[in-house]
Protein chains: 4
Amino acid sequence: MTTPTPDTAGGDEHAGHAGHGYITAKDDYLKRLRRIEGQSRGLQRMVEEEKYCIDILTQVSAMTKALQAVAMGLLEDHISHCVVDAAIAGGPEAEAKIKEATDAIARLVRS
Amino acid sequence: MTTPTPDTAGGDEHAGHAGHGYITAKDDYLKRLRRIEGQSRGLQRMVEEEKYCIDILTQVSAMTKALQAVAMGLLEDHISHCVVDAAIAGGPEAEAKIKEATDAIARLVRS
Amino acid sequence: MTTPTPDTAGGDEHAGHAGHGYITAKDDYLKRLRRIEGQSRGLQRMVEEEKYCIDILTQVSAMTKALQAVAMGLLEDHISHCVVDAAIAGGPEAEAKIKEATDAIARLVRS
Amino acid sequence: MTTPTPDTAGGDEHAGHAGHGYITAKDDYLKRLRRIEGQSRGLQRMVEEEKYCIDILTQVSAMTKALQAVAMGLLEDHISHCVVDAAIAGGPEAEAKIKEATDAIARLVRS
């Protein structure tokens with residue numbers, strides 16, 4: 001359903017000197033996001049074909065769960081790298097990073 | 001970003017005798033789902049370009065909210081049509097429809 | 001932990017002529033809400049005794065789940081009674097009831 | 001509605017050498033949790049008096065939001081202290097702490 005793009009291979013080359021931590025699992029994230037893109041197309045097809053509403057809602061729940069799982073992975077990577085690095089460096093930047101992360105978590109909890 | 005497909009026009013033709021209620025707003029749902037598909041591609045691009053993790057999480061929250069809004073619309077349509085029709089017809093089918101709808105809501109609340 | 005109050009017995013007497021549907025399971029709701037009250041006191045004790053943060057968060061999740069389960073029950077009762085009755089009566093009131101219910105659901109999904 | 005207990009004063013005395021970080025705001029957390037306890041009693045009263053279902057659901061949403069806000073505060077404290085301390089100490093313990101925190105977040109997102 002989703003066509004793998006060649007860019008992922010190119011993206012891997014500079015994975016070693018990436019700035020934003022989550023990059024170790026970049027290919028994995030891209031694979032999961034392409035699957036989510038596939039789910040969003042599946043939903044369009046279901047609406048197009050006027051499938052039973054409850055079945056569409058079940059798919060929406062599955063897609064939301066998949067999205068949240070990606071978010072949790074990114075968050076873990078972010079805390080492991082950016083937040084911890086800032087904490088080790090110390091100072092007001094450390095506190096700001098933690099505040100920023102918990103604000104992002106609060107948005108996820110509420111969304 | 002998302003290419004409108006000609007099928008939507010065709011879908012409109014038989015909107016009058018659709019079986020599953022949500023169809024009055026079919027084009028609107030398809031438009032919103034295509035935008036969500038666009039968001040999922042935007043997320044892939046952000047990961048590809050190694051954007052800042054918190055910005056990606058903000059996009060995930062926005063996309064989740066958009067998905068939930070679609071779900072809420074479908075749910076309202078479903079209750080207005082299927083559930084209410086079953087309720088008017090009465091019998092065990094009515095109760096089953098309500099149970100099915102609240103189970104779907106519970107999945108949405110938890111996802 | 002939670003003291004059963006004698007009012008529940010009294011509440012049962014007029015369960016037959018209640019206006020708001022959920023009343024068939026009134027005692028069950030009260031029991032669950034008292035348990036939730038107990039959980040909120042348990043949380044205070046955990047903070048008081050400076051328990052491990054993650055264990056407190058686990059309790060918060062359990063309490064939130066218990067609350068959402070009560071909400072789902074109330075919602076199912078509400079749809080079965082108020083919404084369906086309004087739907088059978090028909091007119092603008094029916095539509096308003098459905099809109100009101102889905103707005104409440106949207107608040108639950110987001111909370 | 002909620003009676004302030006004298007224990008909070010006692011709890012403050014040893015706030016300085018507390019082990020679990022969130023303690024700086026202990027009184028604030030206790031105050032918020034007592035308010036949440038009050039909300040749970042308010043819900044019982046609403047069910048007891050057979051209030052309108054949607055109004056009860058609105059209260060459930062408000063209470064859930066209040067609970068989630070407490071959780072967010074505890075989480076921020078936890079990351080600022082336990083997680084960051086473990087990260088500075090380094091080793092497998094650091095990784096375990098981050099995994100434990102993101103698991104707790106995932107439970108909050110899903111609850």
Side-chain angles (χ1 to χ4, degrees), chain B residues 18-26 28-29 32-33 36 39 57-111, chain C residues 18-26 28-29 32-33 36 39 57-111:
Chain B
H20 290 134
Y22 59 83
I23 240 50
T24 41
K26 192 170 169 174
D28 178 53
Y29 285 126
R32 289 156 81 182
L33 287 170
I36 287 167
Q39 286 176 298
L57 291 177
T58 301
Q59 279 308 101
V60 170
S61 294
M63 190 175 156
T64 307
K65 257 190 216 306
L67 255 180
Q68 300 284 17
V70 166
M72 287 305 116
L74 289 169
L75 192 65
E76 190 172 346
D77 290 346
H78 179 68
I79 295 175
S80 306
H81 295 88
C82 296
V83 175
V84 158
D85 289 354
I88 289 170
E93 172 75 355
E95 218 172 296
K97 280 283 178 220
I98 292 165
K99 182 83 186 70
E100 183 191 54
T102 44
D103 286 350
I105 295 165
R107 283 194 297 272
L108 288 170
V109 168
R110 249 177 284 125
S111 72
Chain C
H20 290 135
Y22 59 84
I23 240 50
T24 40
K26 192 171 170 175
D28 179 53
Y29 285 126
R32 289 156 82 180
L33 287 169
I36 287 166
Q39 287 177 298
L57 291 176
T58 302
Q59 279 307 99
V60 170
S61 295
M63 189 174 157
T64 307
K65 257 190 216 305
L67 255 180
Q68 300 285 14
V70 166
M72 287 305 117
L74 288 169
L75 191 65
E76 189 172 346
D77 290 345
H78 179 69
I79 295 175
S80 306
H81 296 89
C82 296
V83 174
V84 158
D85 288 354
I88 289 170
E93 172 75 354
E95 217 171 297
K97 281 284 178 217
I98 292 166
K99 183 84 185 70
E100 184 190 53
T102 45
D103 285 351
I105 296 165
R107 283 194 298 273
L108 289 170
V109 169
R110 248 177 284 124
S111 72

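Being a predicted model, the structure only gives us computed values, none of them experimental. Values reported hereafter were calculated over all heavy atoms of this structure, with side chains retained and with hydrogens, waters and symmetry mates removed.
Considering only heavy atoms from C-beta on, B/I98 stays 4.5 Å or farther from C/V83 through its side chain.
The shortest non-hydrogen separation linking B/T102 to C/M72 is O-SD, 4.2 Å. The shortest heavy-atom contact between B/I88 and C/A87 is CD1-O, 4.1 Å.
Heavy-atom neighbours of B/E100 CD from other residues, nucleotides or ligands within 6.0 Å: above the threshold of 12.
Interface remark: B/E76 contributes backbone and side-chain atoms alike to the contact with chain C (heavy atom separation under 4.5 Å). Contact annotation for B/K97: neither backbone nor side-chain heavy atoms come within less than 4.5 Å of a heavy atom of chain C.
Taking chain C as the reference chain and counting heavy-atom pairs below 4.5 Å, the highest number among B/T64, B/I79, B/D85 is found for B/I79.
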